[in-house]
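Just so you know, ligand 1 is whichever comes first in the structure, and atom 1 is the first atom listed for that ligand.
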Amino acid sequence: MGGGTPKQFRDWGGVTLLEATLRAFLAPGMPDLAGIALAVPEDRLAEVRAWRFPVPHWAVAGGATRQASVALALAALPDVPSAPVLIHDAVRPFPPALPVHGALAALETWDGAVLGEPSTDTLKRVDAQGLILGTEPREGIFRAQTPQVARLGLWREAFRWAEARGFAATDDVSLLEAMGLRVKLVPSPPTNLKLTTPEDWDRWHPGTTGCGGSAHSQGASNGNQVV
Ligand SMILES: C[C@](O)(CO)[C@H](O)COP(=O)(O)O
């Protein structure tokens with residue numbers, strides 16, 4: 001997104017994007033949250049701690065990586081090992097209610113769950129020069145989204161497990177997968193997008209006429225992480 005204010009602290013319809021994402025999780029139809037832990041840049045801690053939500057929130061300074069930030073946020077939560085915890089990207093402001101409920105329900109059967117959208121593109125594997133090495137079958141291929149869900153005790157064990165082995169991943173359920181646990185993929189719409197580039201921002205900002213407004217008003221949700 002270039003320099004300047006980190007994107008999760010830029011204006012998103014009158015509040016920061018991070019607050020907008022949190023409000024989307026607190027909207028009617030979403031699961032009841034008991035509390036929220038936020039990993040944010042250290043110089044934003046005071047501001048974030050002053051925010052008011054209908055549920056308690058705890059803000060911690062993030063770490064050097066996504067994985068370190070999530071581990072720090074998990075450590076800030078009250079110690080209830082059986083509590084389901086949703087780990088979410090601050091820059092996915094359109095979390096879809098039904099898949100989120102589905103992911104929580106999946107914990108009755110599986111160790112973890114993750115929202116994801118089926119890949120509709122043909123997938124090419126390339127070498128360092130960009131030359132195609134092969135075409136991957138797209139059947140059964142999903143693009144992982146957030147939230148990613150497991151019980152607090154298991155999340156903490158997985159992050160300790162990964163740290164002890166130097167195992168690094170780009171999402172959270174990868175840790176559960178690496179431990180040999182069973183993670184359910186819950187289909188989710190592409191509107192649960194991650195605002196990554198300036199083009200994403202321009203297209204989906206609430207002030208934008210067109211598709212952006214539509215996904216926003218349907219309530220359909222990095223830098224920092226929310227758990
Ligand atoms: C967790 C995630 O959103 C799944 O697609 C993604 O891996 C986050 O990547 P980022 O580089 O931390 O934004």
Side-chain angles (χ1 to χ4, degrees), residues 1-10 12 16-18 20-22 24-25 36-41 44 60-74 84-96 99-100 102-104 106-107 110-121 123 136 138 140-150 154-156 158-159 161-163 167-179 181 183-201 203-205 215 220-227:
M1 292 286 290
T5 305
K7 56 188 167 184
Q8 65 274 23
F9 287 99
R10 294 187 194 176
W12 192 262
T16 64
L17 175 59
L18 175 55
T21 299
L22 290 170
F25 268 93
I36 304 162
L38 302 159
V40 299
R44 294 281 180 170
V60 297
T65 62
R66 171 199 173 81
Q67 199 165 310
S69 295
V70 174
L72 289 163
L74 289 168
V85 175
L86 303 106
I87 302 175
H88 190 68
D89 295 329
V91 295
R92 289 189 191 266
F94 308 124
V100 174
L104 286 168
L107 294 192
W110 311 106
D111 301 308
V114 53
L115 272 61
E117 58 183 285
S119 176
T120 53
D121 297 321
L123 304 168
E136 305 285 336
R138 72 178 173 193
I141 298 293
F142 284 75
R143 294 158 56 109
Q145 302 175 349
T146 63
Q148 308 204 353
V149 186
L154 186 55
W155 274 139
R156 285 181 172 165
F159 280 80
W161 182 94
E163 189 179 3
F167 178 83
T170 54
D171 76 347
D172 313 293
V173 291
S174 289
L175 278 51
L176 306 180
E177 299 163 35
M179 291 172 73
L181 299 172
V183 180
K184 174 77 171 167
L185 190 299
V186 178
S188 173
T191 48
N192 184 23
L193 52 98
K194 179 163 67 100
L195 296 165
T196 305
T197 63
E199 290 73 27
D200 294 338
W201 192 271
R203 179 169 181 200
W204 295 100
H205 192 276
S221 184
N222 176 35
N224 293 345
Q225 282 68 43
V226 178
V227 302

Next item on the list: Record the part of T146 in heavy-atom contact with ligand 1 below 4.0 Å; permitted values are side chain, backbone, both and neither.
Entry: side chain

Notebook entry, point to check: Distance from T196 atom OG1 to K194 atom NZ, nearest 0.5 Å?
Noted result: 4.0 Å

Notebook entry, point to check: Run the ring-ring contact (aromatic ring centres under 6.0 Å, His included) check on W204 and W12 step by step: do they pass?
Noted result: CA-CA 10 Å; W204 295 100; W12 192 262; 9.1 Å; no

Checklist line | Q148, any N or O under 3.5 Å of ligand 1 N or O | finding: no

Check: Atom CG in D172, atom CG in L86: separation rounded to 0.5 Å?
Finding: 11.0 Å

Check: Going by the atom numbers of ligand 1, which of them fall below 4.0 Å from some non-hydrogen atom of A144?
Finding: 4 (C), 5 (O)

Notebook entry, point to check: Looking at side-chain heavy atoms only, is the closest gap between L115 and V100 below 4.5 Å?
Noted result: yes

Note to self: Are any of the N/O atoms on Q145, whether in the backbone or the side chain, positioned under 3.5 angstrom from an N/O atom of ligand 1?
What the structure shows: no

Next item on the list: Apply salt bridge (charged side-chain N to carboxylate O under 4.0 Å, His left out) to D171 and list each qualifying residue two or more places apart in sequence or on a separate chain.
Entry: none

Item checked: Distance filter under 4.0 Å to R66 heavy atoms, resulting ligand 1 atoms -> 1 (C), 8 (C), 12 (O)

Note to self: Closer than 4.0 Å to some heavy atom of T170 - which atoms of ligand 1 meet that?
What the structure shows: 1 (C), 6 (C), 7 (O), 8 (C)

Checklist line | Pairwise distance CG(D111) to CG(L154) - rounded to 0.5 angstrom | finding: 6.0 Å

Margin query: Show me which atoms of ligand 1 lie under 4.0 Å from any heavy atom of D171.
Written below: 1 (C)

Check: Taking heavy atoms and a distance under 4.0 Å, where does R143 meet ligand 1: side chain, backbone, both or neither?
Finding: neither

Next item on the list: Just jot down the salt bridge (charged side-chain N to carboxylate O under 4.0 Å, His left out) partners of E163, sequence neighbours excluded, or say none.
Entry: none

Check: Which ligand 1 atoms are under 4.0 Å away from a heavy-atom of D89?
Finding: 1 (C), 2 (C), 3 (O)

